[in-house]
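These notes are about the structure you will find just below.
For ligands, and for the atoms within them, numbers begin at 1 and follow the listed sequence. Just so it is clear, the values below take in all heavy atoms, side chains as well, and ignore hydrogens, waters and symmetry mates.
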Amino acid sequence: MKEIYFSNTEYNDILNQLNQLMQEADQIAVADHKVLLYQILQLFDSIHREPLARIQEALQKNPDLKREIESDAAVEKLMSLYDLLEVNVNSNSQDEKQVAFIPEDQVMMMQVPKKKDWLELGDVSDFEQNKLYPKNYQKVNFIISKIGTDVFAIQNQCDGSFLPIDQGKIENHVLICPWHGCQYDIRTGKAVDESNKKIEIFPVEIEDGKLLKVEIAYE
Ligand code: FES
């Protein structure tokens with residue numbers, strides 16, 4: 001097909017440049033900026049993916065035209081970046097390695113990295129032994145529990161349910177759900193039975209032996 005704005009070489013250069021920028025963007029340290037960037041990229045992906053998929057579907061009705069269009073290097077590349085190429089008619093393994101926009105198998109699964117904050121919860125001595133203290137920060141519900149000299153922070157929600165578990169009880173580092181009796185090791189968040197159930201735990205620090213801090217990851 002006719003080259004219009006760029007030659008195939010220039011087009012590949014642009015993709016390589018984008019690839020480079022994506023790698024640099026991955027190093028962005030400020031979580032807010034990274035989240036914003038990923039959200040923009042995901043929306044760009046969506047607004048291109050849908051019409052491209054529709055074009056591809058329409059082309060199924062005209063196999064000759066489809067073949068002709070997909071044999072163009074730039075079109076083939078774009079279609080392959082969006083997982084829309086059924087047969088890699090012009091597959092060039094060298095090119096495939098050079099150009100990596102957002103790998104197809106990762107686009108839909110791109111995880112927005114969670115933000116993290118250290119939350120100060122006051123004097124650790126104010127927390128009684130073996131009790132469950134429900135807390136909330138940035139829509140994350142969690143429980144604080146002090147056992148001996150250790151303090152634990154764990155998600156306040158049973159795995160596979162929306163039910164909170166802070167009305168349960170704690171026995172030998174095992175948190176027992178008040179609803180149907182699921183038991184979680186408060187140190188790991190893992191169920192103590194054979195099920196694969198698991199709830200999130202959060203890092204805890206006691207600054208200067210006094211100030212209780214918990215690091216909450218949130219979206
Ligand atoms: S909700 Fe926790 S065991 Fe059922």
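Transitive grouping of hydrophobic side chains (ILVMFWY, heavy atoms separated by less than 4.5 Å) keeps Ile154 and Val192 in distinct clusters.
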Less than 3.5 Å apart, which donor and acceptor atoms pair up between the side chains of residues 197-212 and the rest of the protein, not counting sequence neighbours?
{"unit_1": "Lys198", "atom_1": "NZ", "unit_2": "Thr188", "atom_2": "O", "d": "3.3"}
{"unit_1": "Glu207", "atom_1": "OE1", "unit_2": "Lys213", "atom_2": "NZ", "d": "2.7"}
{"unit_1": "Lys210", "atom_1": "NZ", "unit_2": "Asp123", "atom_2": "OD2", "d": "2.9"}

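Side-chain contact check for Glu70 and Gln56: at least one donor-acceptor pair (N or O, by modelled atom type) lies under 3.5 Å.
Residues meeting the ring-ring contact (aromatic ring centres under 6.0 Å, His included) test with Tyr184, sequence neighbours left out: none.
Cluster partners of Trp179, by chain and number: Leu163. The rule joins Ile, Leu, Val, Met, Phe, Trp and Tyr whenever side-chain heavy atoms lie under 4.5 Å apart.
Expressed to the nearest 0.5 Å, how far CG of Asn19 lies from CG of Asn12 amounts to 11.0 Å.
Ordered by chain and number, His180 ND1 make up the set of protein N, O or S atoms under 2.8 Å of atom 4 (Fe) of ligand 1.
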